[in-house]
6 protein chains.
Amino acid sequence: MRIQIINPTTTEAFARKNLAAAKSVAAAGTEIVSASVLSGPASIESHYDEAVSTIGILEAIHRGEAEGIDGYVIACFGDPGYLAAREIARGPVIGIAEAAFHLASIIATRFSVVTTLARTKIICEHLLQIHGFEHQCRRVRACGLEVLELEETGMEACRDILEECRRAVAEDEAGAIVLGCAGMADLADHIQQEIGVPVVEGVTAATKLIEGIVALRLGTSKVGDLAYPLPKPLSGSVKHLEIAPRR
Amino acid sequence: MRIQIINPTTTEAFARKNLAAAKSVAAAGTEIVSASVLSGPASIESHYDEAVSTIGILEAIHRGEAEGIDGYVIACFGDPGYLAAREIARGPVIGIAEAAFHLASIIATRFSVVTTLARTKIICEHLLQIHGFEHQCRRVRACGLEVLELEETGMEACRDILEECRRAVAEDEAGAIVLGCAGMADLADHIQQEIGVPVVEGVTAATKLIEGIVALRLGTSKVGDLAYPLPKPLSGSVKHLEIAPRR
Amino acid sequence: MRIQIINPTTTEAFARKNLAAAKSVAAAGTEIVSASVLSGPASIESHYDEAVSTIGILEAIHRGEAEGIDGYVIACFGDPGYLAAREIARGPVIGIAEAAFHLASIIATRFSVVTTLARTKIICEHLLQIHGFEHQCRRVRACGLEVLELEETGMEACRDILEECRRAVAEDEAGAIVLGCAGMADLADHIQQEIGVPVVEGVTAATKLIEGIVALRLGTSKVGDLAYPLPKPLSGSVKHLEIAPRR
Amino acid sequence: MRIQIINPTTTEAFARKNLAAAKSVAAAGTEIVSASVLSGPASIESHYDEAVSTIGILEAIHRGEAEGIDGYVIACFGDPGYLAAREIARGPVIGIAEAAFHLASIIATRFSVVTTLARTKIICEHLLQIHGFEHQCRRVRACGLEVLELEETGMEACRDILEECRRAVAEDEAGAIVLGCAGMADLADHIQQEIGVPVVEGVTAATKLIEGIVALRLGTSKVGDLAYPLPKPLSGSVKHLEIAPRR
Amino acid sequence: MRIQIINPTTTEAFARKNLAAAKSVAAAGTEIVSASVLSGPASIESHYDEAVSTIGILEAIHRGEAEGIDGYVIACFGDPGYLAAREIARGPVIGIAEAAFHLASIIATRFSVVTTLARTKIICEHLLQIHGFEHQCRRVRACGLEVLELEETGMEACRDILEECRRAVAEDEAGAIVLGCAGMADLADHIQQEIGVPVVEGVTAATKLIEGIVALRLGTSKVGDLAYPLPKPLSGSVKHLEIAPRR
Amino acid sequence: MRIQIINPTTTEAFARKNLAAAKSVAAAGTEIVSASVLSGPASIESHYDEAVSTIGILEAIHRGEAEGIDGYVIACFGDPGYLAAREIARGPVIGIAEAAFHLASIIATRFSVVTTLARTKIICEHLLQIHGFEHQCRRVRACGLEVLELEETGMEACRDILEECRRAVAEDEAGAIVLGCAGMADLADHIQQEIGVPVVEGVTAATKLIEGIVALRLGTSKVGDLAYPLPKPLSGSVKHLEIAPRR
């Protein structure tokens, strides 16, 4: 099977990190493909960034469907456009926030999220609400870093994240930590060793979930809410996303 | 004050309907401006349509801010991109679904929504959940019409909608009806007369809410979650949405 | 149109403040009428005060209906008797807490309330629960002042409220503040300038909401839950509230 | 101990029924006292009726406190004024809806409520929401009877109620029924025999709960939200409810 | 009537405490019977302890049913096996956590729980969620004591609990305290005197609730979810719990 | 890695079905081990059956830990004892209901559950509530079959289940179906072909989830709520479950 890891930013370092993370956990027989978006922002840390990054994600999935991709990971912790993406995909699609929530809630009764800038917490909180993980998540914490500071994660950035994780364990009594940014994909092992509770990282979590769903021969429901969109004319800067009538 | 009614589809008939609806309720001194999007779909009835229509909405708000617009109405019942839109606007922004929910919950203890295709119900249900109106909304109902069938609303479309509204009153014991599509903006009065309970139409509801908020000299909070997005490079088909660093 | 601002206490200073606040935001063509209650407490800061103040509010609305009032504002942050009031009114009725919640949730993702005595917080929390704003409201805070200390708001009272508002922004990460007492109606502008986030004041918020609903030719649903009460004999100290059979 | 059963209507037949019901379950040593209100409506079936009946209830509790009553039952299924009542009572106070919800949720996983007019369902639903019984209650059903038709419950009224109870068992899979009106206090045994699931009647449920709480030497918390109201001037038709400063 | 107090640990001191507590509040005519379990752990402070203690509880109820017991109290704050217990009992069954939640929510708008080890908080939180008391409970607090430290409650243990209760009143603004362990049954009076808010202790609360329900001639619903289990073969270490087909 | 599929009933046909189902989806390198319980009921369809089956499950996990098992699947749709099981396991543990909920919510916006006897619906509903899937699950449906009728699933049983699945799609607008019994493990493919929406079967779903979590080198959090239980004496029929002090 082939799984596409969509890095919805235009920052290559993140794509490399995510590809490496996904490959490190893929089963024998699973091919991990990296999709760098053509359209999108350098980093994602606002509703606006989420909205504009959705275009690149949809472009990537259209390409992926043409290439016969079996499942998709949206490697941004705000899960931009995940429902639109599901509509145009035959196989399963998951964002890394939702993926991490699912797995964290299986290995701990309560977890906390450690993310980047405080302004992105609301995006995470809305996802927790929509997906039903509000009881499982003790608290969403921000360490105050901008996403691009994680491009080449130095010691300083790592220290700030680690500190926040420690506070989550001590103050929130969190049994597990969810790392709240795809840019942290290379830090999970180190942090887990340091703090002594499971650390769930979304890119790897999503990869295994998609791999599992494909192995079960399940895909996105094509009946009802997530059926293929009705074909219709599109104009302007989104014209290339027009969907041809299905035969 | 100037309020921009953003019709996020490229179908002119809807823009005309929405403009007329907004103008019919605006106070003296309120100028209603219609913004037809340059980028977008002919109609919106899926998550995919919502996602691609967000681009045109953001384009329109960027233009609006340059022109000194005081507040914005997103005239699609899925409220596409409303949080991204708020980030780039100084004044208030509201989608017509949220607007209708607010007003319907003031004049009735419970309301029902009557929308178009069944597949759009989930979009409405997610909005009800995020905004906290799940107790107020008895049920989201679909009358089975495609949005474009409302372009020039004929007798038949109206009859189907009316039938569904009647069922909402009888079966859901709804004290008010929310019309679930901007394309129904011209039907509210007729339906209200027929069914005898208040019918809340989103374009007009949103216009009065924005007008009221502007009159109170309130605008979108520019501290925290909805502050202006951090400026950063954008690429590809969304490059024109790049935000210049604020001085 | 004529909107009645009901001050449900017998303290005239509050009625004056509320009238001034409402008039300052009313549109041309909207007449603001002040209804001072004949029956009621000097201030409202308990469930008991809420219960007894309801009588004066219902008296006022009966008078208002006879005078052809188009809509009503209940100028107490506990929204006493708002559902009973809606039953006997043709037009819309809103309390200032609910009004502030609606508008604050449009301009910020999360707000905090700053009210008077700690014992009134539960009244606000029940309203947030019933109206569905629990996710939107980060926290209800009390500044410890008795309501009557706000009769002629001196510097000291204002300072205490301001301090609590600052804490709400810093600790709750609130994007907007809701002032939790009609006696604070004259402080909103000053506080907003000081703390730099939007401050929503209920009397003005309610005035614009009622004005908007009346302009939309919507009123309280008279079908179902909020229909006129069935006429029946009343006795004792509430006899004067007996409703004559409708013709 | 002495428990006061407050019949908040002026209809004597209900007071007699409620007194008989409470006496039939009281323990040896518990004296049941009936308080017929001086102020109030002939029956209660709207928010308006609830609001005006609260005055008579508060009058009754003031008298009860002077007489050393140990606990109170508010014998109306809307639990009018129960929080205000708790503030002025030393001992426990409970309305019959809340009481029935507590006991029904102990003997069945899910119950349904059968009440009188459809318009009163919202009152019950708000109570279920505030008290946290929304998961426990499958459905609130109305049998369409006016409360006064239960004054002397004839065969016909009983049959309508019984029919609705049967539907609750068959359609809602309710494991217990809560009777939703004090006027049904004499029907519980008969209905229980007919339908074969436990039928919880509020007046008797409330009597045992208050008796139990008093026996535990517990009373209404006088710290915080339910402390005695601050004394203050009252005017007009509620002047007699003014509370003297506590020594 | 006869009520069985089931002490699901094998520690006799707890059984003695619970028996004394229940007897001290029972009405004349109520016989309190103590059931010490034959199978079970020395103390209960984990999900595992809860699970294994359920066996002893079910054994006790089978014996109780044979002896004609009218109602049961499960004297462990995790309410182990309460739904299974209800299925095999004719009369009512309640755990002391649920019992305390019901009564605390009647005498205060908000309460806090003070329990033993931090790891047991999740058990209490799940119960609050399932029973619907999440709004009523401000916070679940642990004082850090192991349950067996309460076997013969010395001064030191009491002091730690008292301190935590004081913090609950001061920091959570709790109007009542629920003691979160059957081993604290002898401390309620002392703590209540010290902290000045009502202290609800579960064994006594449960005793009065069961007594009340039996007096009302209500029992566990034997229709639907809580009907007697279908008889079937059991094997191994639970074989003795096999239920014979009912005649 | 080795994953143990625990069949908590003593009916061998179910163990065979579950083993076959798990093996059919396991990755190369994953060894599936079947653990038939020594203690337990012939089938599980009540709270009582759940409670007694927990003993056999805990016995199996103790054996599994001694054998170095990496993760566990509890193959009963009520997920009996899953939290106790997690406490004594190093690796991840999941019940088949929770597993199916996770995957179904990824491939559809809304799903329905089709289970066996109506009395088991409450068990499923409690799990949905605790795990946060109440919004995702449209409805829990029972087809009226006893679990043992699925031992060797004949045409008739299959037809009843299929009929209920069809109703779920048509009436609930479910985008996916969750099969609510381990005894249905061999029916998923057939039903999926018949009804045209994805059918999620818990044994296979759980197998892939556990496999994924183990591959991620994550296990049950051993800090806080799910840490190993404190060692303590156990007596009677559960004595063999006593845990030795950890070195």
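Every chain is numbered from 1 and lettered A, B, ... according to where its sequence line falls, protein lines coming before strand lines.
D:Pro198 and E:Leu218 make their closest contact through CB-CD2, 4.1 Å (heavy atoms, listed as atom of the first residue, atom of the second, distance). Closest approach of E:Pro92 to D:Ile107, counting heavy atoms only: CB-CG2, 4.5 Å. Smallest separation of non-hydrogen atoms from D:Leu216 and E:Val25: CD2-CG1, 3.7 Å.
With respect to chain E, the highest number of heavy-atom pairs below 4.5 Å among D:Gly219, D:Ala89, D:Ala28 belongs to D:Gly219. Top candidate by heavy-atom pairs under 4.5 Å with chain D, chosen from E:Leu226, E:Val197, E:Val200, E:Ile106, is E:Ile106. In terms of heavy-atom pairs under 4.5 angstrom with chain D, the leader among E:Gly175, E:Ala99, E:Gly224 is E:Gly175. Annotation: maximal heavy-atom pairing with chain D below 4.5 Å, among E:Ala27, E:Ala215, E:Gly212, E:Ala176, occurs at E:Gly212.
In this structure, chain E has no heavy atom under 4.5 Å from any part of D:Ile210.
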Chain D against chain E: donor-acceptor pairs under 3.5 Å:
from: E:Arg86; atom 1: NE; to: D:Ile106; atom 2: O; distance (Å): 3.3
from: E:Arg86; atom 1: NH1; to: D:Ile106; atom 2: O; distance (Å): 3.4
from: E:His102; atom 1: ND1; to: D:His102; atom 2: ND1; distance (Å): 2.7
from: E:Ile106; atom 1: O; to: D:Arg86; atom 2: NE; distance (Å): 3.3
from: E:Ile106; atom 1: O; to: D:Arg86; atom 2: NH1; distance (Å): 3.4
from: E:Ile107; atom 1: O; to: D:Ser221; atom 2: N; distance (Å): 2.8
from: E:Thr109; atom 1: OG1; to: D:Asp225; atom 2: OD2; distance (Å): 2.3
from: E:Ile130; atom 1: O; to: D:Gln136; atom 2: NE2; distance (Å): 3.0
from: E:Gln136; atom 1: NE2; to: D:Ile130; atom 2: O; distance (Å): 3.0
from: E:Gly175; atom 1: O; to: D:Ser221; atom 2: OG; distance (Å): 2.6
from: E:Asp189; atom 1: OD2; to: D:Arg217; atom 2: NH2; distance (Å): 3.3
from: E:Arg217; atom 1: NH2; to: D:Asp189; atom 2: OD2; distance (Å): 3.3
from: E:Ser221; atom 1: N; to: D:Ile107; atom 2: O; distance (Å): 2.8
from: E:Ser221; atom 1: OG; to: D:Gly175; atom 2: O; distance (Å): 2.5
from: E:Asp225; atom 1: OD2; to: D:Thr109; atom 2: OG1; distance (Å): 2.3

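At least one side-chain heavy atom of D:Leu209 sits less than 4.5 Å from a side-chain heavy atom of E:Leu209.
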